[in-house]
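Heads up: the structure comes next, in structure tokens.
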Number of protein chains: 2
Amino acid sequence: MRRRITLKQIAKELDVSISTVSKAIRGSKEISLDTRQKVQAFAKLYNYKPNNIAISLKNRNTKNIGVIIPEIVHHFFTTVIRGIEQVANSKGYNVIVCLSNESFDKEVINMEMLANGSIDGFIMSVSKETQKKKDFHHLREVVNQGMPLVMFDRVSDEIFCDKVIVDDARGAYQAVEHLIKTGCKKIALVTTVDYVSVGKLRTLGYKNALSENGIAIDEDLIIKIEDIENCDKEIEKLFDQSQFDGVFAVNELFALTAMKIARRRGFEIPDDISFVGFTDGILSKHASPTLTTLAQHGIEMGEIAAKMVIEKIEEEEEEDSFRTEIIRTSLIERDSTKKI
Amino acid sequence: MRRRITLKQIAKELDVSISTVSKAIRGSKEISLDTRQKVQAFAKLYNYKPNNIAISLKNRNTKNIGVIIPEIVHHFFTTVIRGIEQVANSKGYNVIVCLSNESFDKEVINMEMLANGSIDGFIMSVSKETQKKKDFHHLREVVNQGMPLVMFDRVSDEIFCDKVIVDDARGAYQAVEHLIKTGCKKIALVTTVDYVSVGKLRTLGYKNALSENGIAIDEDLIIKIEDIENCDKEIEKLFDQSQFDGVFAVNELFALTAMKIARRRGFEIPDDISFVGFTDGILSKHASPTLTTLAQHGIEMGEIAAKMVIEKIEEEEEEDSFRTEIIRTSLIERDSTKKI
DNA sequence: GAAACAAATGAAAACGTTTTCGTGTTAATA
DNA sequence: TATTAACACGAAAACGTTTTCATTTGTTTC
């Protein structure tokens, strides 16, 4: 690769010292107007741009933020990245994205790769496998090393760092309450297995909403899905076994699949059965009927996470106080639920 | 930030030279077994990891690949990133993602930011604005600088570099031909304005398919949409003005919107009107009826792009030969078209 | 004409590696 | 005993910056 011109080369060419060139380019008054102009003209001609790597080494910072997410083909995570990018870029930072693909090992490898000087701070959401194993040593390590870390969405209590989370329990509560208010009496829950922190919290919110509205919790109305790819089979079973007039699903896909099955079985939506989902992605908006859902405000999460991490990166002395920012969900009413 | 331990510190602590430490850690036979073990133990204890930035400066490479895309909340681009990530990671590279948000200026800024030593090569898809302006000086600059560049999907003939593209014209041809084969006589086209290269090519494919099947091109059946957000208004107009029994739309959203409007107007799908879209995203699979569409194989594109760029990065002497890899689309038959 | 000063420039260190090329010590050989 | 070879280690340069602290030159002042 042809290389960009360096200070050294310019210095040699113009027969001055490297320091003079450096100062001249940055317009230092220390250098005479004459040489300043000469150097600047030359630099411009040869399209000189300082080498970021050298500057990083000197300044001991990289102006990079590392982001590790479990999956990129996932609307929620991409919205978060968008938010991160926006803020990061406006403050002169680049974003290095790594995917764990929900694998613990890949998460660890990626973190180590980035932690060795490539970035100034981390923003991450841990993989399912990590949540299942409950092994967070890699996070603890970067924190101990003094590297700023912000966890979002899928977080852990074991790690002391800044966090941005969705108020999952409250969101679920909100959703179920909406179903109750619009007349549902028997509300089913389609959720994930418990080790997925958000699934667990949303299940909690569901139960709270029922209890507080004087509705008994019927475990037969709850299904916990492990294999997302084949969720339809599980949901079919739910329809076989029980009757209900409302469904709360912890993500878009479960909600859509349930709606599809309901319609195939001849139920009218929302008259016979109402549906609410979590996560306001593209599916909800374009489903038929359109799906009432909880917006998670991913962009906002990303923005806040980026602000937090940059704040920590740039703060003078290291403080050991950590914040947890909670993003409220908002209910987007569409056509899968009855109007009040 | 507490910093990681360096060779220098270890050297001082163990009272040997930096070079000895470096060699010992890397297990060089040049160093006695005794010191080797001593140093390695110490390094392990203090969790020594070489600083990537220093190594980058020394080696004059970063093991980073820069990716610039117009938009991340877009299924196709995320699949491409996934493919890039996969290959890049397996070869020891990180991926730095920057978004242009379809803005020319941001694209230029991002490129310059990354070109100053942060990355070893570029993979990119240009913004709409760039395509409209036809200003590719920033691309030309990095190419002239000798930095490997791979363009994908939205490419330009003006730039000499490796490219990975979808065979848009052929794909569109394939789609329209399928409509014809399943009995459609009057086929409408919902496309984008012409400066979007892929829109233009897909339009071409549509026209070719009609011509070659002896069907006259009726310009009234073609609408070119500029404002994607409000595509429904434009599509409504199409339904008002003309009659047709098939629709080919250049993306998922246009196809779904058209289907929605058709159903609202009482048409049966696919009996009265058939629909085919381009891009096999999540929407197509979950639409009702499910949408027949052209898979673009984004992951494969990403993989190929990554391979190409890494090949160029790692090749000994610079060659001036460039390849253009063409990815064939494949038709995914679903329920929005009739069976043959 | 010497002393003091300002202006312009340069040398060198530092950031953290890797690598080449000594150099000094010890052991083996003639 | 003198020569060589093997071994263990260290000094220094290089990557490209920035910055601090000289040093040189010319100018002013007494």
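Each chain gets a letter, A, B and so on, in the order the sequences are listed, and its residues count up from 1.
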*asked:* Run B:Met124 and B:Met111 through side-chain contact (heavy atoms from CB on, under 4.5 Å) and show every step you take.
replied: CA-CA 10 Å; B:Met124 77 178 299; B:Met111 280 200 87; 3.8 Å; yes
*Which whole-number value in Å describes the distance from A:Leu14 CG to C:dG10 P?*
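Interatomic distance, CG of A:Leu14 to P of C:dG10: 11 Å.
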*Sub-3.5 Å donor-acceptor pair from the side chain of B:Asn94 to the main-chain atoms of B:Asn64, do we have one?*
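Not at all, since once roles are kept as given, no pair shorter than 3.5 Å links the two residues.
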_Donor-acceptor contact present, side-chain B:Asp135 to main-chain B:His137, <3.5 Å_ =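 Looks like yes, one N/O pair under 3.5 Å.
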*Please determine, by modelled atom types, if B:Asn51 and B:Arg4 share a side-chain donor-acceptor pair under 3.5 angstrom.*
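The criterion, which ignores hydrogens and geometry beyond distance, is not satisfied for B:Arg4 and B:Asn51.
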*Heavy atoms only: give me the nearest B:Gly66-B:Leu114 pair and the separation to one decimal.*
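Closest approach of B:Gly66 to B:Leu114, heavy atoms only: CA-CD1, 4.1 Å.
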*Determine, stepwise, if the pair A:Val143 / A:Arg140 fulfils side-chain contact (heavy atoms from CB on, under 4.5 Å).*
CA-CA 5 Å; A:Val143 171; A:Arg140 198 166 298 120; 5.7 Å; no
*Which residue lies more 5' along DNA chain D, comparing B:Asp15 with A:Lys8 via nearest heavy atoms*: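 Per heavy-atom nearest nucleotide, the more 5' residue is B:Asp15.
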_On DNA chain D, does the nearest nucleotide to A:Ser19 precede the nearest nucleotide to A:Arg4 from the 5' side, or the other way round? Give the residue._
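The 5'-side residue here is A:Arg4.
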*Describe the nucleic acid contact of A:Lys23 in one word from base, sugar-phosphate, nothing, applying a heavy-atom distance below 4.0 Å.*
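Base, at least one base atom sits under 4.0 Å.
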*What does B:Thr6 touch in the nucleic acid at a heavy-atom separation under 4.0 angstrom: a base, only the sugar-phosphate, or nothing?*
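B:Thr6: backbone/sugar contact only, no base atoms under 4.0 Å.
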*Specify the residues of residues 24-47 of chain B, ordered by number, for which at least one heavy atom lies under 4.0 angstrom from an atom of DNA chain C.*
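Going residue by residue through residues 24-47 of chain B, the ones with a heavy atom under 4.0 Å of DNA chain C turn out to be B:Arg26, B:Glu30.
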*Anything under 4.0 Å to a heavy atom of chain B counts; send over the first and last such nucleotide of DNA chain D, read 5' to 3'.*
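Contact span on the strand: D:dA8 to D:dG16.
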*Would one find a side-chain N or O of A:Thr20 under 4.0 angstrom from OP1 or OP2 of C:dG10?*
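Looking at the OP1 and OP2 atoms of C:dG10, one of them is under 4.0 Å from a side-chain N or O of A:Thr20.
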*Indicate yes or no: does A:Glu107 engage A:Lys133 in a salt bridge with an N to O separation below 4.0 Å.*
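Salt bridge between A:Glu107 and A:Lys133, a charged N being under 4.0 Å from a carboxylate O: no.
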*Are there more than 12 heavy atoms of other residues, nucleotides or ligands under 6.0 Å from atom CG of A:Asn144?*
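Correct, the count exceeds 12.
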